[in-house]
Amino acid sequence: QRKMKTLPVHLLVCLLLLEAVVSESLNETDASGPGKTIFERYKKFKRQHVDKQMTEKKCTDVINQKSIYSNDNSCKETNTFILADANEVKSICEGQGDYLHEKHLTKSKRKFKVVVCTLTRKAQKPRCQYEGKLYKSRFVVVQCTGVPVQYAENILNFED
């Protein structure tokens, strides 16, 4: 009888410890992003590459609104948006992707719709102008550090 009452307390303690370890690992500094924690890199990845409501006609507006620029603060040549919610994309790093050993990247097991925005007019920010193209059936390749932290590419599937 006494064991049954202490079991839930032990489970709670274990869950709290597990949560602390997971949240701490998301705040560790990642060597591939100088000074940026994994959590910060994941937030940037979501802002730049995950947008369920994105359309090919909204490239210029969305890129400017989300302040998406190259590392040197110039207009990015291309930016790809995955048309899914964050949890669907995160699942690529949580068992719904195939690890590509030679590239150290993970390819999604399922296909996604993506919008690729390409710079059409070279200008200084914030006057970047883009043209978008919708691809309806693409595998997505990302770099995972527990969560997606870098977009690598989308792979053509011949149903587009």
Taking atom [atom1] of [X] as the centre, report whether more than 12 heavy atoms of other residues, nucleotides or ligands fall under 6.0 Å from it.
{"X": "Asp72", "atom1": "CG", "result": "yes"}
{"X": "Lys43", "atom1": "NZ", "result": "no"}
{"X": "Glu131", "atom1": "CD", "result": "no"}

Go through the steps to decide whether Cys117 and Ile63 satisfy the test side-chain contact (heavy atoms from CB on, under 4.5 Å), and finish with yes or no. CA-CA 9 Å; Cys117 301; Ile63 287 174; 3.7 Å; yes
Assigning hydrophobic clusters by single linkage (Ile, Leu, Val, Met, Phe, Trp, Tyr; side-chain heavy-atom cutoff under 4.5 Å), is Leu100 placed with Phe139?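 Yes, it is one cluster - the side chains of Leu100 and Phe139 are joined through contacts under 4.5 Å.
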Between Val50 and Tyr69, is there a shared hydrophobic cluster once you connect ILVMFWY residues whose side-chain heavy atoms come closer than 4.5 Å? no
Looking at CZ of Arg138 and NZ of Lys113, how far apart are the two atoms once the value is rounded to the nearest 0.5 Å? 14.0 Å
What distance separates His104 NE2 from Cys144 SG, expressed to the nearest 0.5 Å? 13.5 Å
Before you tell me yes or no, could you show the steps for Val147 and Ile38 under side-chain contact (heavy atoms from CB on, under 4.5 Å), namely the whole-Å CA-CA distance, both residues' side-chain angles and the distance that decides it to 0.1 Å? CA-CA 8 Å; Val147 291; Ile38 293 167; 3.8 Å; yes
Between [X] (side chain) and [Y] (backbone), is there a donor-acceptor pair under 3.5 Å?
{"X": "Thr118", "Y": "Thr78", "value": "no"}
{"X": "Thr106", "Y": "Gly97", "value": "no"}
{"X": "Tyr130", "Y": "Lys76", "value": "yes"}
{"X": "Lys109", "Y": "Gly95", "value": "yes"}

If I compare all heavy atoms of [X] with all of [Y], which pair ends up nearest, and what's the gap?
{"X": "Met54", "Y": "Leu83", "result": "O-CD2, 3.4 Å"}
{"X": "Gln48", "Y": "Asn79", "result": "O-ND2, 2.7 Å"}
{"X": "Cys75", "Y": "Ser70", "result": "O-OG, 3.6 Å"}
{"X": "Gln53", "Y": "Lys58", "result": "O-NZ, 2.8 Å"}
{"X": "Pro148", "Y": "Val89", "result": "CG-O, 4.0 Å"}
{"X": "Val115", "Y": "Gly132", "result": "CG1-CA, 4.5 Å"}

What I'd like to find out is whether the side chain of [X] reaches to under 4.5 Å of the side chain of [Y], using heavy atoms alone.
{"X": "Cys128", "Y": "Leu119", "result": "yes"}
{"X": "Val140", "Y": "Tyr151", "result": "yes"}
{"X": "Gln96", "Y": "Glu88", "result": "no"}

Does the distance from a Lys or Arg side-chain N to an Asp or Glu carboxylate O, for Lys103 and Glu153, drop under 4.0 Å?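 Yes, this pair counts.
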What I want to find out is whether Asp51 reaches Lys46 closely enough, with some N-O distance under 4.0 Å, to be called a salt bridge. no
Steps toward side-chain contact (heavy atoms from CB on, under 4.5 Å) verdict (Phe81, Thr55): CA-CA 9 Å; Phe81 292 95; Thr55 70; over 6 Å; no
Measure from NZ or CZ of Arg47 to the centre of the six-membered ring of Phe45 and say whether it is under 6.0 Å with the direction within 45° of the ring axis. no
Within 45° of the ring axis of Tyr42 and under 6.0 Å from its six-membered ring centre, is that where the NZ or CZ of Lys44 lies?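 Ring-cation test returns no.
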Before giving the answer on side-chain contact (heavy atoms from CB on, under 4.5 Å), spell out for Val142 and Cys93 the whole-Å C-alpha distance, their side-chain angles and the decisive distance to 0.1 Å. CA-CA 8 Å; Val142 296; Cys93 298; 4.1 Å; yes
With sequence neighbours excluded, residues passing side chain to side chain contact (heavy atoms under 4.5 Å, CB included) with Asn87: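 Checked Asn87 against side chain to side chain contact (heavy atoms under 4.5 Å, CB included); matches are Asp85, Lys90.
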